[in-house]
Amino acid sequence: MKTKAIAKANKNTFYISTPLYYPSGAWHLGHSYTTVCCDAIARFKRLNGYDVFYLTGTDEHGQKIADKAKENSKSPKEFVDGLTDNIKELWSVLDIQYDKFIRTTDDYHIASVQKIFDTLYKQGDIYKGNYAGKYCTPCESFFSLAQLKEGKCPDCSREVKDFEEECYFFKLSKYQEKIEILLKSGEFLLPDFRAKEMINNFIKGGLSDLAVSRASVDWGVKVPFDTKHTVYVWIDALSNYINALGYNGDNKGMDKFWGGEVVHMVGKEIVRFHTIIWPAILMALGLPLPKTVFGHGWLLLEGDKMSKSKGNTADPFYLIDKYGVDAVRYYLLREIQFGNDGVYSLEAFLTRINTDLVNTLGNLTKRTIAMVKQYFGNTQFIGYGSQLMTTEDNVLIENINLLFSKVEKHMNKLNCSLALEEIFELVSAANKYIDVTMPWVLNKNGEKGRLHIVLYNLLEVIRVSANLLLPFIPDGTKRIFECLNLNLPADFHDAKFNRDTKYEDMKDEILYKRIDIKKELEN
Ligand code: MSP
């Protein structure tokens, strides 16, 4: 009953989250990847009329972080404060519009984690026992022998060690059947192949109860009724998704967003936590489940996962400073086929920017506006009736009108890279339309009526494409609307061919500077 009431109240809402990042070293492009994808999706949904809640934050407890702080001669809190400030700065320069930033060291979060633990203990879903088995210290996870992959940690492939400790267990085994049905539903975990992986690697062997406290870890949330134990980092971290909405507090965000459309975007190595452990906890708490967990691939650097420990990361601050925020956002959103791994190289990054942003989008915008100004001056340039239409015009206009629904279809599947492909297909088609219609010849021949139609159609391609590009490259698209001398659209209502747009006093500026790739690679 309670579940239904929550779902009903949540019409037209959209809640999207990134994982909570571990503040344990310098932030790299891999972290930016998930956050930029979620930002583009959140912006798209906002412009598409949804009431959006976009959550990100930091996962600050655990032995790994305490060790790092020690290495840096800092207290754990001092250490995570510095890195949390730094990631907020990164999100600011990357133009990320999140609605809330949660830290697992926030008081309200800690209080709720304790309440959740207490509730689950009192209702018998958590019990005290003894753990003896294998432990992966970097992942802070226990594994049975059957779960190991070639004797090593199934998540990170590192060595595991023997371990014995008194601890609290969560009755994960009780939810085995329900989790299996959920994973087989085909909707909960995307892309599809990840659900198969989960079933084969974890469900088939049977789910064991999960150790959810550590007596050996001090930097964490204390088990409220047995303070020599701290709550396992993953129970602490996963519950952020509801605590940020006021669970065990005013509950306002829960009433509004939980049970509506909820999407967790996570990297492939943490899919297990989000699609087995997290739904089981929610089931135990009697709460609705998220609609989708999307397990994306990794951004690789020369075949290796970028990671702080491997020290091979591309520095997003440096790239943004040097090539601009749109370059980094666009590259991350476009180059990596969502769901799969993608390989980062400076050359591919720079080539992508020159090809799409400079040559295709920037060129179309500057060239078109320059022609309008050259052939018609800077006074008002308005639409036309339905006279003198050619097949090229009709095809172009039809494609302008189809663009929104094509993009929306991909965005509903969280696929930013295909959405961008569609938009750039139209922009490229407009560049080709210039080659075919040859406005300079029309001008030379004095065919002003035809010239007017061609240039107006091109301006409409630019306007509609820029409207749809707003979620992805907010900086450049804002400048396009400044060049067109139009207000920034507040939604997608006008993302279609319009005969009555009034263009005047436009500016033919360079949107993106061409990069000398050879020179950059030599540096
Ligand atoms: N703290 C946990 C998540 C808790 S969520 C309740 C964690 N943190 S992490 O900092 O290690 O990773 C956070 C996210 O960043 C993960 O989704 C991970 O896949 C992502 N990435 C880290 N490096 C990455 C790449 N090189 N490429 C793409 N994503 C990567 O796990």
Side-chain angles (χ1 to χ4, degrees), residues 16-38 55-65 68 80 83-84 86-87 90-91 101-106 109 112-113 116 136 138-141 153 155-156 158 194 219-221 231-244 262-279 281-282 290 293-316 328 331-333 335-345 416:
I16 188 161
S17 64
T18 70
L20 295 195
Y21 300 100
Y22 285 130
S24 58
W27 303 111
H28 57 72
L29 210 53
H31 301 114
S32 308
Y33 175 57
T34 323
T35 310
V36 167
C37 290
C38 289
L55 177 72
T56 190
T58 38
D59 184 1
E60 306 185 356
H61 291 128
Q63 196 53 48
K64 250 193 293 184
I65 287 175
K68 279 275 171 196
V80 294
L83 282 162
T84 298
N86 191 237
I87 203 173
L90 177 58
W91 299 156
F101 191 103
I102 185 169
R103 301 178 60 175
T104 54
T105 51
D106 287 336
H109 171 79
S112 182
V113 171
I116 290 169
C136 173
C139 292
E140 298 184 31
S141 291
C153 171
D155 287 334
C156 75
R158 277 179 272 218
R194 299 223 184 271
W219 175 239
V221 179
V231 175
Y232 175 41
V233 275
W234 275 97
I235 301 294
D236 171 1
L238 287 164
S239 68
N240 94 85
Y241 298 127
I242 50 176
N243 296 336
V262 176
V263 175
H264 296 316
M265 194 70 74
V266 302
K268 61 182 178 180
E269 84 283 21
I270 58 172
V271 162
R272 179 170 74 90
F273 298 98
H274 285 81
T275 60
I276 296 178
I277 299 173
W278 181 226
I281 294 170
L282 290 168
V293 175
F294 192 100
H296 65 71
W298 288 334
L299 191 56
L300 307 170
L301 197 67
E302 288 151 20
D304 245 354
K305 183 185 175 221
M306 281 185 192
S307 72
K308 290 172 258 198
S309 54
K310 287 183 185 142
N312 58 5
T313 55
D315 177 3
V328 175
Y331 169 80
L332 292 173
L333 293 165
E335 187 83 3
I336 296 124
Q337 290 303 317
F338 217 42
N340 300 326
D341 289 348
V343 180
Y344 169 80
S345 77
C416 297

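We count ligands from 1, going down the list as the structure has it; atoms in each ligand are counted the same way. Positions are given from 1, in the same order as the sequence printed here. As the structure is a computational prediction, the values presented were derived from the model and not from experiment.
The shortest N or O to N or O distance between Leu20 and ligand 1 is below 3.5 Å. By the 3.5 Å distance cut-off applied to N or O atoms, Tyr22 is counted among the residues near ligand 1.
Between Phe273 and Asp155 the shortest side-chain heavy-atom distance falls below 4.5 Å. By the 4.5 Å heavy-atom criterion applied to side chains, Glu60 and Pro23 are counted as neighbours.
Judged purely by atom type and a 3.5 angstrom limit, Asp341 uses its side chain to pair as donor or acceptor with the backbone of Trp298. With hydrogens and angles disregarded, no donor-acceptor distance shorter than 3.5 Å links the side chain of His109 to the backbone of Ser239. Not one N or O on the side chain of Trp234 forms a donor-acceptor pair closer than 3.5 Å with the backbone of Trp278.
The heavy atom nearest to atom 20 (C) of ligand 1, considering only Thr34, Asp59, Leu238, is found in Thr34.
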Q: Determine, step by step, whether Ile116 and Ile242 satisfy the side chain to side chain contact (heavy atoms under 4.5 Å, CB included) criterion, reporting the C-alpha distance in whole Å, the side-chain angles of both residues, the deciding distance to 0.1 Å, and the verdict.
A: CA-CA 11 Å; Ile116 290 169; Ile242 50 176; 4.3 Å; yes
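Every atom of ligand 1 is numbered from 1 in the order shown, and the set under 4.0 Å from a heavy atom of His274 is 5 (S), 6 (C). Residue-ligand proximity, Tyr21 to ligand 1, at heavy-atom distances under 4.0 Å covers atoms 10 (O), 13 (C), 14 (C), 15 (O). Atoms of ligand 1 found under 4.0 Å from any heavy atom of Ala237, numbered from 1 in the order shown, are 6 (C). Listed by atom number, the atoms of ligand 1 under 4.0 Å from His296 heavy atoms are 28 (C), 29 (N). The distance from ligand 1 to the heavy atoms of Glu269 drops below 4.0 Å at these ligand atoms: 16 (C), 18 (C), 19 (O).
Counting heavy atoms under 4.0 Å from ligand 1, residue Phe273 does not touch it at all. Residue contacts with ligand 1 for Leu299 involve both N, CA, C or O and side-chain atoms from C-beta outward (heavy atoms, distance under 4.0 Å).
At a cut-off of 3.5 Å, with distance as the only test, no side-chain donor of Tyr21 or Thr56 sits close to an acceptor on the other residue. At a cut-off of 3.5 Å, with distance as the only test, a side-chain donor of Tyr241 or His274 sits close to an acceptor on the other residue.
Ligand 1 has no atom lying under 4.0 Å from any heavy atom of Trp278.
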